[in-house]
Asks: 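What follows is a single structure, and I will ask about it in a moment.
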Amino acid sequence: MDGNFQETVLNLVKQIPAGKVTTYGEIARRITGSVRAARAVAQAVARNPYPIAIPCHRVVRSDGDVGGYSLGVEKKIKLLRAEGIEIGGRKVLNLKHFKIKIN
DNA sequence: CCCATGACTAATT
DNA sequence: AAATTAGCCATGG
């Protein structure tokens, strides 16, 4: 198979440290050079086979909304809170503060 | 190759 | 500030 895109996405996600987050768009930008593939990135992480080992719960929306999660949004919020990320409603507070760029 | 789908985004209302 | 809308792109049928 040639599914290099998903593989690349998951490899980048693996590099996000606990207590930090990034956005679908940032990952897209890192891979394609533009934010336009953000939706494709979401597709890739949505099929993440190992949700805990590969911390896709640390990928959120650009507007601060936590976005979705294969094991349920509530679960995603719990995981993020457990890592010290503050969340109000469905949004990450101070996103700017926790957001990081990937190498 | 065409068409539908979705864990998105930026802009507009 | 919340809701809508159009645009985009990697998959899978």
Side-chain angles (χ1 to χ4, degrees):
Chain A
M1 28 188 281
D2 178 22
N4 200 0
F5 184 76
Q6 172 172 24
E7 211 176 313
T8 305
V9 170
L10 296 182
N11 280 328
L12 289 178
V13 171
K14 268 194 284 190
Q15 300 176 36
I16 309 173
K20 296 288 179 184
V21 299
T22 191
T23 66
Y24 299 94
E26 281 297 320
I27 294 177
R29 194 176 314 193
R30 169 65 177 71
I31 298 176
T32 68
S34 157
V35 69
R36 294 199 229 91
R39 218 166 175 182
V41 169
Q43 281 281 16
V45 292
R47 294 172 179 159
N48 174 8
Y50 311 105
I52 305 299
I54 303 176
C56 55
H57 59 277
R58 296 180 190 140
V59 185
V60 302
R61 286 209 193 199
S62 62
D63 65 357
D65 191 290
V66 295
Y69 194 54
S70 60
L71 305 183
V73 179
E74 291 308 314
K75 179 71 176 173
K76 184 170 183 175
I77 293 176
K78 277 186 183 178
L79 290 170
L80 290 174
R81 287 224 171 97
E83 297 179 354
I85 307 237
E86 296 176 33
I87 299 176
R90 288 206 155 187
K91 293 203 170 184
V92 174
L93 308 178
N94 304 322
L95 176 60
K96 214 160 136 185
H97 180 69
F98 297 111
K99 183 174 167 186
I100 62 169
K101 285 186 108 186
I102 315 222
N103 314 317

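Here is how names work: the chains are called A, B, and so on, in the same order as the sequence lines, proteins then strands, and each is numbered from 1.
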Asks: Take atom CG of A/Asp63 and atom P of C/dA3, then tell me their distance rounded to the nearest Å.
Replies: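 Nearest whole value for this atom pair: 12 Å.
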
Asks: Would you mind reading off the distance between A/Arg61 atom CZ and C/dA3 atom P, rounded to a whole angstrom?
Replies: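 That distance rounds to 12 Å.
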
Asks: Heavy-atom distance under 4.5 Å between the side chains of A/Arg39 and A/Gln43, does that happen here?
Replies: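 Sidechains of A/Gln43 and A/Arg39: no contact.
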
Asks: For A/Ala46, report the nucleic acid contact type (base, sugar-phosphate, nothing); a contact means any heavy atom under 4.0 Å.
Replies: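 The answer is base, as A/Ala46 lies within the cut-off (heavy atoms under 4.0 Å) of a base atom.
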
Asks: Find the distance A/Asp65:CG to B/dT9:C1' and express it as a whole number of Å.
Replies: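 Spelled out: CG on A/Asp65 to C1' on B/dT9 is 12 Å.
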
Asks: Round to a whole Å and report the spacing from CD1 of A/Ile77 to P of B/dA7.
Replies: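 Taking atom P of B/dA7 as the reference, CD1 of A/Ile77 is at 16 Å.
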
Asks: From the list C/dA10, B/dT9, C/dT11, which nucleotide is the closest neighbour of the side chain of A/Ala40?
Replies: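 Among C/dA10, B/dT9, C/dT11, the one nearest the side chain of A/Ala40 is C/dA10.
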
Asks: So, using side-chain contact (heavy atoms from CB on, under 4.5 Å) as the criterion, who are the partners of A/Glu86 when residues are at least two apart?
Replies: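 side-chain contact (heavy atoms from CB on, under 4.5 Å) check on A/Glu86 returns A/Leu93.
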
Asks: By side-chain hydrogen bond (donor to acceptor under 3.5 Å, both in side chains), which residues pair with A/Glu74, not counting sequence neighbours?
Replies: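 Once residues adjacent in sequence are excluded, A/Glu74 has no partner under the side-chain hydrogen bond (donor to acceptor under 3.5 Å, both in side chains) criterion.
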
Asks: A/Gln43 has an atom CD; how far is it from atom C1' of C/dC8, in whole Å?
Replies: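 Whole-Å distance recorded here is 12 Å.
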
Asks: Please give, in whole Å, the distance from C/dC8 C1' to A/Arg36 CZ?
Replies: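 So the two atoms are 8 Å apart, to the nearest Å.
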
Asks: Without swapping roles, check the side chain of A/Lys75 against the backbone of A/Tyr69 for a donor-acceptor pair under 3.5 Å.
Replies: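 Flag not set: sc A/Lys75 to bb A/Tyr69 has no pair under 3.5 Å.
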
Asks: Base of B/dA7, side chain of A/Tyr69 - is there a donor-acceptor contact under 3.5 Å?
Replies: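 Per atom types, no contact qualifies.
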
Asks: Counting side-chain heavy atoms from CB outward, which of C/dT11, C/dC9, B/dA7 is closest to A/Phe5?
Replies: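 Among the listed nucleotides, the one closest to the side chain of A/Phe5 is C/dT11.
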
Asks: According to a strict under-4.0 Å criterion, is A/Arg39 in side-chain N/O contact with OP1 or OP2 of C/dC8?
Replies: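 The answer is no; no side-chain N or O of A/Arg39 sits under 4.0 Å from OP1 or OP2.
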
Asks: B/dA10, OP1 or OP2 - any side-chain N/O from A/Ser62 closer than 4.0 Å?
Replies: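 Yes, because at least one side-chain N or O of A/Ser62 sits under 4.0 Å from OP1 or OP2 of B/dA10.
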
Asks: Would you mind classifying the nucleic acid contact of A/Thr32 as base, sugar-phosphate or nothing, using non-hydrogen atoms under 4.0 angstrom?
Replies: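 No contact at all - A/Thr32 keeps every heavy atom at 4.0 Å or more from the nucleic acid.
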
Asks: Going by heavy atoms in the side chains, are A/Val60 and A/Phe98 under 4.5 Å from each other?
Replies: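 SC-SC contact between A/Val60 and A/Phe98 ruled out.
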
Asks: Using whole Å, what does the distance between atom C1' of nucleotide C/dG12 and atom CZ of A/Arg47 come to?
Replies: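 So the two atoms are 7 Å apart, to the nearest Å.
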
Asks: To the side chain of A/Ala37, which of B/dA10, B/dA7, C/dC9 is closest?
Replies: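 For A/Ala37, the side-chain atoms sit closest to C/dC9.
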
Asks: If I take atom CZ in residue A/Arg90 and atom P in nucleotide B/dC8, what distance separates them, rounded to the nearest angstrom?
Replies: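 After rounding, the reported distance stands at 12 Å.
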
